[in-house]
There are 2 protein chains.
Amino acid sequence: MSVSLADLRTENPGIFADGCPTRTVLDHVMGKWGVLVLMALSDGTQRWGVLRRNVSGISEKMLASTLKTLEADGLVARTAYPEVPPRVEYSLTEQGGDLMSRVIPLMEWVAANADDIVSRRR
Amino acid sequence: MSVSLADLRTENPGIFADGCPTRTVLDHVMGKWGVLVLMALSDGTQRWGVLRRNVSGISEKMLASTLKTLEADGLVARTAYPEVPPRVEYSLTEQGGDLMSRVIPLMEWVAANADDIVSRRR
DNA sequence: CGGTATCCAGTAGGATACTG
DNA sequence: CAGTATCCTACTGGATACCG
């Protein structure tokens, strides 16, 4: 059986509190670029250059730092092949994939409702 | 049957592209404070002061601007009672609740995995 | 109580150039 | 190709004070 969020918070008031680990993870995953990079990778393993094109609008700097953060979090795996020219591939780890299985329904909702929401704003 | 994200993106390549409505909504909802305010409200209708305490760490300025954004998005409803002293209550709209039904499973995952992720980082 | 207004600091993040 | 390095700006967001 699944535990509701209200239950979670009641049982553990420290959760989502200022400075707690959940905030850190939230900042990484929900930041401007985190989700977008993870989403791109949920389409499958990709090389740096492809990833950069798929996450439209991201700068090299932000792609690099986002990937480093997500890799340190254990959500993304980096594989470098000792070739010339260099080839580096990024993919979701098992944990990253697990996370994305929760993120994707949310993204589908956003995709379905975004036009409505944005057009209502004035 | 539900449509996969990959299908969504294949059928509509403009989705999640730079500057498109999905990005706007994502920025509002996934921003540093957006989710946290929505989460607090998913515990039920709350007055400004209570909300401020529940979203620990938020400043008055950010609470005000976050609530305005979410209200303009139609995700949060504001009700002011003509009393002295003033009383204002915030709650999720139907659409906001719908959104949160997708966000909550994600938050449960984050709550369950945050310690693991953060402790692995070094 | 429920906000605004103002000021200010830190940093997220963009542009460009360069390298192994 | 896959990044670093450097510089610089803009906005996020905090602190404080004040108002209806």
Side-chain angles (χ1 to χ4, degrees), chain A residues 16-20 23-41 44-73 76-91, chain B residues 16-20 23-41 44-73 76-91:
Chain A
F16 302 119
D18 198 14
C20 90
R23 289 280 182 102
T24 305
V25 174
L26 235 39
D27 285 347
H28 295 174
V29 172
M30 315 283 275
K32 183 173 174 58
W33 298 114
V35 231
L36 294 169
V37 168
L38 289 169
M39 283 230 315
L41 287 176
T45 298
Q46 276 162 78
R47 301 180 61 164
W48 162 278
V50 176
L51 204 45
R52 177 153 163 49
R53 276 184 296 280
N54 283 343
V55 183
S56 91
I58 199 171
S59 67
E60 296 190 344
K61 178 181 174 177
M62 290 323 298
L63 179 55
S65 85
T66 302
L67 283 172
K68 269 186 193 161
T69 301
L70 296 175
E71 196 193 347
D73 285 337
V76 163
R78 192 194 111 115
T79 314
Y81 298 87
E83 304 173 354
V84 177
R87 179 164 59 103
V88 181
E89 292 185 343
Y90 292 88
S91 59
Chain B
F16 302 120
D18 197 15
C20 89
R23 289 280 183 102
T24 306
V25 173
L26 235 40
D27 286 346
H28 296 174
V29 172
M30 315 283 274
K32 184 174 175 58
W33 298 114
V35 231
L36 294 169
V37 168
L38 289 168
M39 284 229 317
L41 287 176
T45 298
Q46 277 163 77
R47 300 179 63 164
W48 164 278
V50 177
L51 203 45
R52 177 153 163 49
R53 276 186 296 281
N54 282 344
V55 183
S56 91
I58 198 170
S59 66
E60 297 190 344
K61 178 181 174 178
M62 290 325 299
L63 179 55
S65 85
T66 302
L67 283 172
K68 269 186 193 161
T69 302
L70 296 175
E71 196 194 347
D73 285 337
V76 163
R78 192 193 111 115
T79 313
Y81 298 88
E83 304 172 356
V84 177
R87 180 164 61 100
V88 180
E89 292 184 344
Y90 291 89
S91 59

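In what follows, chains carry the letters A, B, and so on, assigned in the order in which the sequence lines appear, proteins first and then strands, with residues in each chain numbered from 1.
Side chain of B:R23 to backbone of B:F16: a donor-acceptor contact under 3.5 angstrom is found. With B:T45 contributing its side chain and B:S91 its backbone, the two residues share no donor-acceptor pair below 3.5 Å. For the pair B:R78 (side chain) and B:Y90 (backbone), a donor-acceptor distance under 3.5 Å is absent. Using a distance-only test at 3.5 Å, with no hydrogens or angles considered, no donor-acceptor pair links the side chain of B:E89 to the main chain of B:R87.
Taking 4.0 Å as the cutoff to heavy atoms of chain A, we find the contact window on DNA chain D bounded by D:dC1 to D:dC7.
The CD atom of A:E83 sits 15 Å away from the C1' atom of C:dG20 (whole-angstrom rounding). Put simply, CH2 on B:W48 is 10 Å from C1' on C:dC1, counting in whole angstrom units. Per the geometry, CE belonging to A:M62 stands 10 Å off C1' belonging to C:dT11, to the nearest Å. Taking atom CG of residue A:L36 and atom C1' of nucleotide C:dG13, one finds them 14 Å apart after rounding to whole Å. Atom P of nucleotide C:dG10 and atom NZ of B:K32 are separated by 16 Å, given to the nearest angstrom. Rounded to whole Å, atom C1' of C:dG3 lies 16 Å from atom CD of B:E89.
Across all non-hydrogen atoms, the minimal contact from B:A40 to B:L51 is CB-CD1, 3.8 Å.
Sequence order on DNA chain C of the closest nucleotides to B:R87 and A:S59 puts B:R87 first from the 5' end.
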With side-chain contact (heavy atoms from CB on, under 4.5 Å) as the criterion, how do B:I58 and B:M62 come out once you've worked through the C-alpha distance, each side chain's angles and the decisive distance to 0.1 Å? CA-CA 6 Å; B:I58 198 170; B:M62 290 325 299; 3.8 Å; yes

Chi angles and distances behind the side-chain contact (heavy atoms from CB on, under 4.5 Å) call for B:T66, B:V55: CA-CA 12 Å; B:T66 302; B:V55 183; over 6 Å; no

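Using a 4.0 Å heavy-atom distance criterion, A:Y81 is classed as making no nucleic acid contact. Here B:R52 lies out of heavy-atom contact (under 4.0 Å) with every strand. Base contact: B:E60 has a heavy atom under 4.0 Å from a base atom.
Closest approach to the A:P86 side chain among C:dG20, C:dG3, C:dA17 is made by C:dG20 (side chain taken as heavy atoms from C-beta onward). Listed nucleotides C:dC7, C:dG3, C:dG13 differ in distance to B:K61; the shortest reach to its side chain belongs to C:dC7.
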